[in-house]
Amino acid sequence: YVGAKGVVIIYLKSPLTVRMERMEQRNGFDEALNRIKKDIFVFRDSELIADKVFVNDEDTNISELADEVAQFIKSWEEE
């Protein structure tokens with residue numbers, strides 16, 4: 001990236017069981033399992049470097065979470 005804007009890192013934290021269930025519904029068991037294995041490696045330090053962590057679990061209202069993320073980004077841009 002080249003430009004004046006900074007970068008903010010947002011991490012959406014979801015329990016493994018929730019991620020597996022959602023991916024399995026979309027793509028089947030084998031693809032979901034392969035993706036979970038890759039994600040564990042790829043995102044292993046994400047929570048440590050994130051500017052903000054949002055929780056997305058089985059009780060999360062996705063619309064409310066999207067609003068929270070948008071509000072965080074807006075307030076970050078105004079700083």
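Just so it is clear, the values below take in all heavy atoms, side chains as well, and ignore hydrogens, waters and symmetry mates. Since we're looking at a predicted model, the values are computed, not measured.
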I62 side chain near N56 side chain, heavy-atom distance below 4.5 Å: yes
Side chain to side chain donor-acceptor pair (under 3.5 Å) partners of T60, counting only residues at least two apart: D57
I9: hydrophobic cluster co-members (side-chain, 4.5 Å): I49
Between CZ on residue R22 and OG on residue S14, distance to nearest 0.5 Å: 5.5 Å
Connected-component partners of L33 among ILVMFWY, side-chain separation under 4.5 Å: L16, M20, M23, F29, I36, I40
Which residues share a salt bridge (Lys or Arg N to Asp or Glu O under 4.0 Å) with D39, sequence neighbours left out: R35
Sequence neighbours excluded, every pair satisfying salt bridge (charged side-chain N to carboxylate O under 4.0 Å, His left out) that has a member inside residues 64-79: none
Set of residues satisfying salt bridge (Lys or Arg N to Asp or Glu O under 4.0 Å) with respect to R19, sequence neighbours excluded: none
By salt bridge (Lys or Arg N to Asp or Glu O under 4.0 Å) - contacts of K52 (at least two apart): none
Which residues share a side-chain contact (heavy atoms from CB on, under 4.5 Å) with E47, sequence neighbours left out: Y11, K13, V53
Apart from L12 itself, residues in the same hydrophobic cluster as defined by side-chain heavy atoms under 4.5 Å: V8, I10, F54, L65, V69, F72, I73, W76
With E31 via salt bridge (Lys or Arg N to Asp or Glu O under 4.0 Å) - residues at least two apart: none
